[in-house]
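Numbers for residues simply follow the sequence, beginning at 1. Note that the structure is predicted; figures quoted are calculated from it, not measured.
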Amino acid sequence: MSKKLERAIRLATKLHEGQYRDGEAGLPYITHPMEVLLNLRHGGGVTDVEMLCAAMLHDTLEETDATPAQLRKAVGKRATALVIELTRAEPDEETWNSIDSEELYKLRNKMLLDGIRTMSPEAMTIKLADRLANVIDAKRSRTGDKLKRYLAQTDEILKAIPREVNPGLWDAVSRERKTDNR
């Protein structure tokens with residue numbers, strides 16, 4: 001394993017310390033970036049160290065107090081640029097507080113899909129590895145309309161990301177989306 005990837009794993013572990021995944025008896029949050037890393041490496045066949053570092057750090061700008069400068073110092077410009085690409089844009093506070101929950105969901109969903117459509121193929125590949133982990137988790141922790149909505153959003157993501165970006169991951173997300181393990 002490269003020293004850079006080791007630094008990314010250590011940094012993600014430190015930044016996500018004390019955070020837990022949603023759901024009953026949620027696991028420490030670090031299990032999610034690790035799962036994304038493994039999906040990318042083994043499901044997607046990716047060996048590019050920069051992409052693997054970005055997978056490990058993909059949620060740090062959204063979920064922690066990390067800064068791009070902090071990431072750049074640990075893993076360099078390219079991995080940090082990928083993390084920035086993967087960081088979800090959100091409505092401003094005024095918009096967030098001025099619309100009802102259904103309109104907010106629609107706006108956030110549109111922003112997510114617009115962001116994905118402008119991503120580089122490398123970021124799209126990491127997004128597929130992330131979505132694979134999240135679909136598996138959603139099927140364990142969500143039910144009813146929440147699960148249906150999440151799976152419908154997954155269909156939209158698969159429409160936004162060309163299969164050619166990474167056929168192995170794209171197909172894995174598609175298969176997982178269609179199976180019911182409950």
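Minimum interatomic distance between Ala8 and Leu57 (heavy atoms only, all atoms of both residues): O-CD2, 3.7 Å. Between Pro68 and Ile84, the shortest heavy-atom distance links the atoms CB-CD1, 4.0 Å. Annotation for Tyr150 and Ala138: closest pair CD2-CB, 3.6 Å, computed over non-hydrogen atoms. Of all the heavy atoms in Ala55 and Val36, the pair that sits closest is CB-CG1, 4.0 Å.
Going from atom OG1 of Thr118 over to atom CG of Leu113 covers 11.0 Å, rounded to the nearest 0.5 Å. In this structure, Arg7 CZ and Met56 CE are separated by 14.5 Å, a value rounded to the nearest 0.5 Å. Atom-to-atom distance recorded for Leu147:CG and Arg140:CZ is 12.5 Å, nearest 0.5 angstrom. In this structure, Glu156 CD and Thr154 OG1 are separated by 10.0 Å, a value rounded to the nearest 0.5 Å. To the nearest 0.5 Å, atom CD1 of residue Ile126 and atom SG of residue Cys53 are 9.5 Å apart. The distance from the CG atom of Leu11 to the CD atom of Gln70 is 5.5 Å, given to the nearest 0.5 Å.
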**OP:** Could you give me the CA-CA distance, side-chain angles and deciding distance for Leu61 and Leu71, then say whether side chain to side chain contact (heavy atoms under 4.5 Å, CB included) is met?
**Re:** CA-CA 9 Å; Leu61 296 179; Leu71 300 185; 3.9 Å; yes
**OP:** Check the pair Glu176 / Arg131 against salt bridge (charged side-chain N to carboxylate O under 4.0 Å, His left out), numbers first and verdict last.
**Re:** CA-CA 10 Å; Glu176 192 59 45; Arg131 196 58 173 205; over 6 Å; no
**OP:** Run the numbers on Met119 and Ile161 for side chain to side chain contact (heavy atoms under 4.5 Å, CB included), then give the verdict.
**Re:** CA-CA 9 Å; Met119 285 180 182; Ile161 299 176; over 6 Å; no
**OP:** Please lay out, stage by stage, how Leu37 and Leu5 fare under the test side chain to side chain contact (heavy atoms under 4.5 Å, CB included).
**Re:** CA-CA 10 Å; Leu37 172 68; Leu5 183 54; 4.2 Å; yes
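Side-chain atoms of Thr179 and Lys139, non-hydrogen and from C-beta on, do get closer than 4.5 Å to each other. Looking only at side-chain heavy atoms (C-beta outward), Pro162 and Met124 come within less than 4.5 Å of each other. The shortest side-chain heavy-atom distance between Ser2 and Val49 falls under the 4.5 Å cut-off.
Within the structure, side chain to side chain donor-acceptor pair (under 3.5 Å) pairs that include any residue of residues 71-80 comprise Asp48-Arg78 (at least two apart or interchain). Within the structure, every pair that satisfies the side chain to side chain donor-acceptor pair (under 3.5 Å) test and touches residues 108-117, not counting sequence neighbours, is listed here: Glu90-Arg108, Asn109-Gln153, Lys110-Asp114, Asp114-Arg117. Residue pairs meeting the side chain to side chain donor-acceptor pair (under 3.5 Å) criterion with at least one member in residues 51-65, sequence neighbours excluded, are Tyr29-Asp59, His32-His58, His58-Asp130. Within the structure, side chain to side chain donor-acceptor pair (under 3.5 Å) contacts touching residues 9-18 (residues at least two apart or in different chains) are His16-Gln19.
Cluster annotation: Ile99 and Tyr105 are assigned to distinct hydrophobic clusters (Ile/Leu/Val/Met/Phe/Trp/Tyr, side-chain heavy-atom contacts under 4.5 Å, transitive). Hydrophobic clustering (ILVMFWY, side-chain heavy atoms < 4.5 Å, transitive): Leu112 and Leu132 are in one cluster. Grouping the Ile, Leu, Val, Met, Phe, Trp and Tyr side chains by contacts below 4.5 angstrom, directly or via other members, places Leu82 with Ile9. Cluster annotation: Val75 is not connected to Met34 through the hydrophobic network of ILVMFWY side chains, with a link wherever side-chain heavy atoms come within less than 4.5 Å. Leu52 is not connected to Leu15 by any chain of hydrophobic side-chain contacts under 4.5 Å among Ile, Leu, Val, Met, Phe, Trp and Tyr, and they are in different clusters.
Other residues, nucleotides and ligands place more than 12 heavy atoms under 6.0 Å from the CD atom of Glu102. Heavy-atom neighbours of Asn97 CG from other residues, nucleotides or ligands within 6.0 Å: above the threshold of 12. Counting heavy-atom neighbours within 6.0 Å of Asp92 CG, excluding the residue itself, gives a total above 12.
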All N/O donor-acceptor pairs, side-chain side in residues 39-47, below 3.5 Å, sequence neighbours left out:
{"residue": "Asn39", "atom": "ND2", "partner": "Ala129", "partner atom": "O", "Å": "3.0"}

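Take Glu50 and apply the salt bridge (Lys or Arg N to Asp or Glu O under 4.0 Å) test, not counting sequence neighbours, and it matches Lys4.
Without hydrogens or angle criteria, Ser174 side chain to Trp170 main chain gives no donor-acceptor distance under 3.5 Å.
Remark: of the listed residues Leu169, Asp171, Leu128, Leu158, Asp171 is the sole one forming a side chain to side chain contact (heavy atoms under 4.5 Å, CB included) with Arg163.
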